[in-house]
Protein chains: 2
Amino acid sequence: MTQTTPTPPTDEIRVAVSAVIFSVRGLSESACPVLALPLVRRTRDPFEGRWALPGGWLNAAENLDAAASRTLEETTALAPTYLEQLYAFGAVDRSPTRVVSVVYWALLRSDEVDAQVAAHAAAGDAPENVEWFAASELPALAFDHNEIVDYALWRLRNKVGYSRIANGLLPEQFTLADLREVTEAILGRRLDPANFRRQVENSNTLIPTDRFRTGNHRPARLYRYNRDVELAERGPLIAPR
Amino acid sequence: MTQTTPTPPTDEIRVAVSAVIFSVRGLSESACPVLALPLVRRTRDPFEGRWALPGGWLNAAENLDAAASRTLEETTALAPTYLEQLYAFGAVDRSPTRVVSVVYWALLRSDEVDAQVAAHAAAGDAPENVEWFAASELPALAFDHNEIVDYALWRLRNKVGYSRIANGLLPEQFTLADLREVTEAILGRRLDPANFRRQVENSNTLIPTDRFRTGNHRPARLYRYNRDVELAERGPLIAPR
DNA sequence: GCAAAAGTGTTCTCGATACACCCATGT
DNA sequence: ACATGGGTGTATCGAGAACACTTTTGC
């Protein structure tokens, strides 16, 4: 930003924005929910045919956050419940041409994704080049995108530990078991239901409703997210959008 | 990174790299040490005369990390003990022209900085446009650099809490009181010497030497940094350089 | 001897964990 | 009735904070 060089030689450097979009597939089914993310099949030369993170070029009149949202919207047609910058990747050899990628990571509500995917399947207009993959079973991706996903996973797991962010993956109303199972899917280990309940209750991030989900067993209380909390953990940076 | 646009319209976007460089001034003096950082006075139009973070344009054949190191070297002629990417700032209106700044933050050993500054003062070749400021008494900076420094301070304070990073500001050998005073300067509050000692000892980041610093009171043991630890806290990203 | 910092020991509290136990529902 | 998950109670452990106390130096 200090412009020491009179004629900046940056013509050959382009800025891209990508996103690691997390959601949960197979919630409320018998099996365990699985952390998943959408990938885009490349249709042009560098790594043609390989899967890659959704992304695009940064427009000159577009904020970084807006570009990340646009990328996300173009891929999933959905609004994220959480969006945060991950890292700027800028190694010279990460692409045949010089590209600096500012990567974001996001959380999507599972019900919206499920509905979207089901609607596309029914209408037969599923975007041909977008596919959801389980985060634990990714193929070899284009560019350095495998490393990027690894880093995003690390951040997500970290954040799930000290913050109550997992509800960003759940519908408007959900049970504590839902929230616990999603957290378990992220962390990759089982959690004590009793202790999990108390930790969540003490965090004041959830508001109990008077509705219950009935099923095979004792009905479970439904909770909803408390929007007054979420912030204050990201420091003095303004929330995106 | 997915190059959906055939002809990317990125010609007007330039990539800059800046650095928030922290060091400690006034260590081993009677008063409390003060967290300080170098600023550069702008000599051209946007915000001419105002102080700004050291930085420069990213070269086409240069990694982001390398550009940060270069920036740092040009400002201080010193090698950092710690260097980490802070954030990519890319709001459209943060500069008259469209600039995406990838900002790093770094720690410098206080003794090296003191020696450097003293040498320049003696030789009379002090760089006219670089000056060290106390982090708590910054003037109004160019661009969005005040916000950037605030965010870097937040990250530094955070990291000091859960990691043993403060020794990156200290000379090769130092006492526990040195380390505690630096930590106090960063956090802005006093710490219990007894508890601080135990926390540091249990963290295994320090190696006791058999040397002592003698002074007005009981001699204090000198410690040095244990280089085997430091990493593993930054996730799967490779260390810079 | 005294002041002051270096360094040690002890206690208390709080949060996380483990786990025993009761509750409510469908079958 | 009983299996199963929902939900509560309780003992234990460890890290951190508070603070009393001993040690070692310069003056």
Side-chain angles (χ1 to χ4, degrees), chain A residues 27-33 157-164 166 170 173-224 233, chain B residues 27-33 157-164 166 170 173-224 233:
Chain A
L27 190 67
S28 72
E29 291 168 19
S30 53
C32 294
R157 294 198 175 108
N158 244 21
K159 205 126 190 167
V160 158
Y162 64 84
S163 137
R164 296 301 160 203
L170 291 172
Q173 304 210 343
F174 50 87
T175 67
L176 288 178
D178 291 337
L179 185 58
R180 177 173 49 81
E181 280 166 18
V182 167
T183 308
E184 288 172 347
I186 294 172
L187 294 179
R189 61 187 172 90
R190 311 289 296 186
L191 299 173
D192 185 312
N195 296 330
F196 183 81
R197 161 182 299 275
R198 271 181 296 251
Q199 285 174 25
V200 171
E201 279 172 349
N202 293 337
S203 75
N204 272 71
T205 48
L206 296 192
I207 300 173
T209 70
D210 48 3
R211 299 189 53 228
F212 289 80
R213 175 183 299 164
T214 158
N216 272 1
H217 303 293
R218 172 172 171 178
R221 184 180 292 276
L222 289 168
Y223 291 79
R224 60 188 177 81
E233 280 157 350
Chain B
L27 189 69
S28 73
E29 291 170 17
S30 53
C32 295
R157 293 197 176 108
N158 243 20
K159 205 127 192 167
V160 158
Y162 64 83
S163 137
R164 296 300 160 203
L170 290 171
Q173 304 209 342
F174 50 87
T175 68
L176 288 178
D178 290 338
L179 185 59
R180 177 174 49 82
E181 280 167 18
V182 167
T183 307
E184 288 172 346
I186 293 172
L187 294 179
R189 61 186 171 90
R190 311 289 295 186
L191 299 172
D192 184 312
N195 295 330
F196 184 82
R197 161 183 301 273
R198 269 181 298 250
Q199 285 174 23
V200 171
E201 280 172 348
N202 293 337
S203 76
N204 271 67
T205 48
L206 296 192
I207 299 172
T209 70
D210 48 3
R211 299 189 52 227
F212 288 81
R213 175 183 298 165
T214 156
N216 271 1
H217 303 293
R218 172 173 171 176
R221 183 179 293 276
L222 288 168
Y223 290 79
R224 60 188 176 83
E233 281 157 348

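Values reported hereafter were calculated over all heavy atoms of this structure, with side chains retained and with hydrogens, waters and symmetry mates removed. Within every chain, numbering begins at 1; the chains are lettered A, B, ... in the order of the sequence lines, protein sequences first and strands thereafter. What you see is a predicted model; the values in this text were computed from it and never measured.
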Protein-nucleotides 25-27 of chain D N/O pairs closer than 3.5 Å?
residue, atom, partner, partner atom, Å
D:dG26, O4', B:N216, O, 2.7

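- The side-chain heavy atoms of B:E184 and B:V182, taken from C-beta on, include no pair separated by under 4.5 Å.
- Looking only at side-chain heavy atoms (C-beta outward), A:T183 and A:R180 stay at 4.5 Å or farther from each other.
- Taking every heavy atom of both residues into account, A:L179 and A:A166 meet most closely at CD1-CB, 3.7 Å.
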Using a 4.0 Å heavy-atom cut-off to protein, can you give one letter per nucleotide of nucleotides 11-20 of chain C, 5' to 3': B if the base is in contact, S if only the sugar-phosphate is, - if neither? -----SBBB-
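- Atom-to-atom distance recorded for B:D192:CG and B:Q199:CD is 9.0 Å, nearest 0.5 angstrom.
- Atom CZ in B:R180 sits roughly 11 Å away from atom P in C:dG7 (whole-Å rounding).
- Rounded to an integer number of Å, the gap from A:R197 CZ to C:dC23 P is 15 Å.
- Residues A:R189 and A:L191 approach most closely at NH1-CD2, 3.6 Å, considering heavy atoms.
- Summarising the geometry, atom OG1 belonging to A:T209 is positioned 8.0 Å from atom CZ belonging to A:R224; distances are rounded to the nearest 0.5 Å.
- With rounding to whole Å, A:F212 atom CZ is found 12 Å from C:dC23 atom C1'.
- The distance from atom CG of A:D178 to atom P of D:dG7 is 11 Å, rounded to the nearest whole Å.
- Between the CG atom of B:L191 and the P atom of C:dA6 there is a distance of 14 Å, rounded to whole Å.
- Atom OH of residue A:Y223 and atom CG of residue A:D178 lie 12.0 Å apart, to the nearest 0.5 angstrom.
- When all heavy atoms of A:L222 and A:Q173 are compared, the pair lying nearest together is CD1-OE1, 3.7 Å.
- One atom, CZ of B:F196, and another, P of D:dA17, lie 12 Å apart when rounded to the nearest Å.
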